[in-house]
Amino acid sequence: MADGSKFFPAPRLILAALVAGVLAGAVAVYVSESGSGNNAPAQVAAAGSSKDDVACKAKGERAKQVAAKAVGQVAALQPADPPQSLKSLAFNGPDGKPMTIADHAGKTVLLNLWATWCAPCRAEMPALDALQKEKGSDAFEVVAVNVDTGDDAKPKKFLKEIGVETLGYYRDPTIALFNEVKTRGLALGLPVTMLIDGEGCLIAHMNGPAEWSSPDAKRLVEAAVSPSG
């Protein structure tokens with residue numbers, strides 16, 4: 001079992017999250033001056049009025065129940081208020097073909113957006129890989145989407161260098177995914193992580209890094225996958 005503490009010097013990386021946005025170059029990524037994503041106030045845009053959004057809004061209590069399990073190393077995770085449908089979020093799958101969150105129907109997804117220029121993102125990749133290795137199943141998957149611009153060479157080289165073996169290689173070099181998440185009020189910068197249920201509904205979200213291979217994270221995943229929360 002992986003011990004996340006050896007991967008992730010949390011205080012130093014939380015500080016790094018404050019400045020990660022300035023490293024984006026041409027990418028419009030920023031971090032609130034009020035603090036890291038772990039301390040920033042929620043700024044979630046109101047969910048739409050589509051049939052899917054209406055169905056997701058009804059899961060407010062479920063969102064609160066699951067988010068209540070987010071303690072310790074993942075305490076920054078906040079319940080979706082209100083839950084909204086993220087079925088339409090699009091990116092490329094491991095085979096390079098376009099897909100959406102809807103293609104993961106029936107599976108709880110921990111959606112993480114990361115880039116190689118983002119120091120906190122790079123630091124938490126081994127922990128995300130360890131979480132997928134232990135908890136990945138037909139019911140749960142860590143979907144870590146790289147948002148570097150350009151070709152695949154740099155992110156693939158980075159993942160190989162750090163020994164990521166279990167995570168699927170998801171990608172969006174257009175920045176459209178990050179921009180949509182930001183427009184929805186869910187992203188202040190990178191990394192940003194969203195917990196999405198099997199019906200494509202956002203249940204909880206956070207900005208900033210976390211120790212995803214910790215016992216706290218594993219208990220959170222178990223609560224999210226369990227029908228009773």
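Nothing fancy with the numbering, it's 1 onward along the sequence. Since we're looking at a predicted model, the values are computed, not measured.
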Is the backbone of [Y] close enough, under 3.5 Å, to the side chain of [X] for a donor and an acceptor to pair up by distance?
X	Y	value
Glu211	Ser213	yes
Asp216	Val74	no
Gln84	Asp53	no

#### Entry: Chi angles and distances behind the salt bridge (charged side-chain N to carboxylate O under 4.0 Å, His left out) call for Lys59, Asp197
CA-CA 10 Å; Lys59 299 186 178 185; Asp197 74 8; 2.6 Å; yes
Within a strict 4.5 Å, meaning less than it, do heavy atoms of the [X] and [Y] side chains meet?
X	Y	result
Thr108	Leu195	yes
Pro126	Ile162	yes
Asn179	Lys182	yes
Ile175	Phe178	yes
Pro120	Glu124	no

Check the side chains of [Y] and [X] for a donor-acceptor pair under 3.5 angstrom, ignoring hydrogens and angles.
X	Y	value
Thr193	Asn112	yes
Arg171	Asn92	no
Ser50	Asp52	no

### CG (Asp138) with more than 12 external heavy atoms under 6.0 Å
no
### NZ/Lys64: more than 12 non-hydrogen atoms of other groups inside 6.0 Å
no
### Query
Are Val221 and Val71 connected in the hydrophobic side-chain network, where two residues link if heavy atoms are under 4.5 Å apart?
no
#### Entry: Carboxylate-amine/guanidinium proximity below 4.0 Å for Lys133 and Glu165
no
### Query
Between Glu222 and Lys135, is the closest basic N to carboxylate O distance under 4.0 Å?
yes
### Query
Are Tyr170 and Trp114 an aromatic pair by the rule of ring centers under 6.0 Å?
no
### Task
Report the distance from atom CZ of Phe140 to atom NE2 of His104, rounding to the nearest 0.5 Å.
11.0 Å
### Query
Roughly how far apart are Leu89 CG and Ile196 CD1, rounded to 0.5 Å?
6.0 Å
### Query
Honestly, is Lys156 close enough over Tyr169, meaning NZ or CZ under 6.0 Å from the six-membered ring centre and within 45° of the axis?
yes
### Task
Give the C-alpha distance, both sets of side-chain angles, the deciding distance and a yes or no for side chain to side chain donor-acceptor pair (under 3.5 Å) between Asp148 and Thr116.
CA-CA 7 Å; Asp148 280 57; Thr116 58; 2.4 Å; yes
